[in-house]
Amino acid sequence: MKKIRSNIILSDRGAVRNLEEGGTVCNPEDGGAVRNPEEVGAVRNLEEGGAVRNPEEGGAMRNPEDGNSVCDPEEGGVAVVVKHTGSHYLLSRLPEWKPFLAVIKGRLRLDTTTTTNPIAVGDVVEYEGSAEAAAVEPQLTDGGKISAGRETVCTIKKILPRRNCIVRRSANLSRQNHVIAANLDRVFLVVTLKDPQVKLQFIDRFLVTCEAYNVPVTILLNKADLYRGEEKPSATENKFIGKESADAASELADEELAQMAADAASELADEELAQMAAGFMQIYESAGYEVIETSVKTGFNISRLRSLCKDKVVLFSGQSGVGKSSLVNALDPSLRIKTAEISKAHLQGRHTTTFYQMHPLSCGGFVVDTPGIRGFGLVDFSKEELSNYFPEMLRVEDNCRFVPCTHTHEPGCAVKDAVERGDISPLRYESYLAMLEDGGKYREGDE
């Protein structure tokens, strides 16, 4: 049963929102954009009879209104935004990977006053101009800003309806939203329990947004090597190879005793962290989310992750230092995305990815790497609708005595009963109450 409130449609998995609320999501039942699984990365605009990519023709776009004729690249066509820096964009006619430079028309900027970025990575756009003439060298698509000194650039003239998107409240402009990426097959939210420890409030806010904007999400519990255990060579294992002196033997014995004490303390810490990991997985798996433990250091579950990314458009997101870029590099070492060590002073990550950018994967498909997110503000959620984006609450709230029910003070509340029984995690319920209290505002301290 669908609940209609204003221009938000609530279904079993949450709302379908439009561009006025921070990012267009087209509802297939309303003639919106849908993805054809037989055409990897293809997006069809049913409402406007829009373009469909034909992978057999190198990513060329067909326009059904023109009798399925292929758009002439010299005249323009349809492409996907693969990078955004400042006022310039890189586009490519996916699945073909031949990025070319484009700028946006001023009218499009004025038409999207509720968002800080009118166009996001993953957007399908119509452009005019020659993609071949505006093409850039592959090595110039990585790193810094896109060069604005070229004479030949294409012009983006229209943004096609989005199938979904990830959007959050802008950090500096409280009345504006920021679209992280659009038209995603899956989002991988990367979290860690240590170095840094990601708070559940941040995780839950991100998951609520995925539910509201119809984005499939998988949680990656990264740095599993910190508690799963691995072969730890002695600190002195290689130091004294080939040395037989009495002094070396004595020093070796002293260091081995110190190593034994350190290993014992480490085992206790590993056991505590392992218990935290088990509790974390129980919370989110019981809520209905897939949680996958990963480790770049040991390669744990990297092959599984690679198979999930194959022939898809996926996004890796999370706070700085959780290992997003390292995971992407593990999927495809040829990408060589910049990474950095955790700050020892604050146990937090340092920003290494500074731009939103899509990369082709050698195994097939495309991955969007994003800068670390410091805080995550929700976008225009009412108290009555918020629980719809907690899957475990959505499963039982129809049994509440009162409708609508905020699940706070009302008698006969099925959600509160489920929390008392342990069917719903008290920690998730506390996150829900915190969002109700602050209205989902952007909070710098979420990390």
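Treat the numbers as computed from the prediction; the structure is a model and nothing was measured.
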Q) Going by heavy atoms in the side chains, are Trp97 and Pro99 under 4.5 Å from each other? A) yes

Q: Carefully, step by step, assess Leu305 and Phe188 under the rule side-chain contact (heavy atoms from CB on, under 4.5 Å).
A: CA-CA 10 Å; Leu305 187 58; Phe188 293 101; 3.6 Å; yes

**Q.** Inter-residue atom distance Arg162.CZ - Leu184.CG, 0.5 Å rounding
**A.** 10.5 Å

Q) Between Ala102 and Leu91, which heavy-atom pair has the shortest distance, and what is it? A) CB-CD1, 3.7 Å

(Q) In the structure I gave you, are the side-chain heavy atoms of Leu200 and Asp204 within less than 4.5 Å of one another anywhere? (A) yes

Q. Would you say the side-chain atoms of Asn164 pair up with the backbone N or O of Asn183, donor to acceptor, closer than 3.5 Å?
A. yes

Q) So, does Thr155 use its side chain to make a donor-acceptor pair with the main chain of Val103 at under 3.5 Å? A) no

Q.
Let me confirm one number: the CE-CD distance from Met435 to Glu430, rounded to the nearest 0.5 Å.
A. 12.0 Å

Q.
Would you say the rings of Tyr356 and His178 are close, in the sense that their centroids are separated by under 6.0 Å?
A. yes

Q) Is a side-chain donor or acceptor of Lys157 paired with a backbone partner of Glu126 at a separation under 3.5 angstrom? A) no

Q | Any Phe316 side-chain heavy atom under 4.5 Å of Leu331 side chain | A | yes

Q | Any donor-acceptor pair under 3.5 Å from Asn117 side chain to Val179 backbone | A | yes

Q) Should Thr298 and Asp225 be marked as a side chain to side chain donor-acceptor pair (under 3.5 Å) after you check the CA-CA gap, both sets of side-chain angles, and the distance that decides it? A) CA-CA 7 Å; Thr298 65; Asp225 53 275; 5.3 Å; no

**Q.** Considering all heavy atoms, the nearest Phe366-Pro95 contact
**A.** CZ-O, 3.7 Å

Q | Sole candidate of Asp185, Val124, Asn214 that passes side chain to side chain contact (heavy atoms under 4.5 Å, CB included) when paired with Arg163 | A | Asp185

Q. Say you draw a straight line from CZ of Arg228 to CZ of Phe300; how long is it, rounded to the nearest 0.5 Å?
A. 3.5 Å

Q) When you check the side-chain N and O atoms of Asn177 and Arg168, is any donor under 3.5 Å from an acceptor? A) no

Q | Over all atoms of both residues, closest heavy-atom pair of Glu293 and Ala224 | A | CB-CB, 4.1 Å

Q: Give, for atom CD1 of Ile373 and atom CZ of Phe202, the distance between the pair rounded to the nearest 0.5 Å.
A: 4.5 Å

Q: Please check if the side chain of Lys98 supplies one atom and the backbone of Ala131 the other of a donor-acceptor pair under 3.5 Å.
A: no

**Q.** pair Arg306-Ser303: side-chain heavy atoms closer than 4.5 Å
**A.** yes

**Q.** Pair Asn329-Arg336, side chain to side chain donor-acceptor pair (under 3.5 Å): steps then yes or no
**A.** CA-CA 6 Å; Asn329 283 335; Arg336 299 177 182 176; over 6 Å; no

Q: Given side-chain contact (heavy atoms from CB on, under 4.5 Å), test His359 with Asp332 step by step and report yes or no.
A: CA-CA 10 Å; His359 304 273; Asp332 189 346; over 6 Å; no

Q) Which atoms form the tightest heavy-atom contact between Ser320 and Pro196, and what is the distance? A) O-CG, 3.7 Å

Q: With the side chain counted from C-beta on, respond yes when Glu397 and Leu394 share a heavy-atom pair under 4.5 Å apart, and no when they do not.
A: yes

Q) Can you check whether Thr406's main-chain N or O pairs, donor with acceptor, with Ser387's side chain at less than 3.5 Å? A) no

Q. In Å and rounded to the nearest 0.5 Å, what is the CD1 to OG1 distance from Ile219 to Thr294?
A. 12.0 Å

**Q.** Side chain to side chain, His407 and Val419, heavy atoms closer than 4.5 Å
**A.** no

Q: For side chain to side chain donor-acceptor pair (under 3.5 Å), just list the numbers for Arg186 and Thr218, CA-CA rounded to whole Å, side-chain angles, deciding distance to a tenth of an Å, and then say yes or no.
A: CA-CA 7 Å; Arg186 181 160 297 276; Thr218 295; 2.9 Å; yes

Q.
Whether Lys194 and Asp270 form a salt bridge (side-chain N of Lys/Arg under 4.0 Å from carboxylate O of Asp/Glu) is what I want to check.
A. no

Q.
Applying side-chain contact (heavy atoms from CB on, under 4.5 Å) to Phe280 and Ile203, what does each step give before you reach the verdict?
A. CA-CA 11 Å; Phe280 177 91; Ile203 298 171; 3.6 Å; yes

Q: Taking the side chain as every heavy atom from C-beta outward, state whether Ile283 and Arg428 have any pair of such atoms under 4.5 Å apart.
A: yes

Q. Does any non-hydrogen side-chain atom of Phe390 lie less than 4.5 Å from one of Val415?
A. no

Q | Backbone of Gln282 reached by a side-chain donor or acceptor of Glu285 within 3.5 Å | A | no

**Q.** Lys/Arg N to Asp/Glu carboxylate O, Lys324 vs Asp369, below 4.0 Å
**A.** no

Q: State, to 0.1 Å, how close Cys363 and Lys310 come at their nearest heavy-atom pair, and which atoms those are.
A: O-NZ, 3.1 Å

Q. For Glu96, does its backbone N or O pair with a side-chain atom of Ser92 as donor and acceptor, under 3.5 Å?
A. yes

Q: Compare every heavy atom of Ile302 with every heavy atom of Ser295, then report the nearest pair and how far apart it is.
A: O-CG1, 3.9 Å

Q) Nearest 0.5 Å, what's the NZ-OH distance between Lys416 and Tyr429? A) 6.0 Å

Q) Given the rule in the side-chain contact (heavy atoms from CB on, under 4.5 Å) test, do Leu327 and Val322 qualify, once you have shown the distances and angles that lead to the verdict? A) CA-CA 9 Å; Leu327 280 170; Val322 295; over 6 Å; no

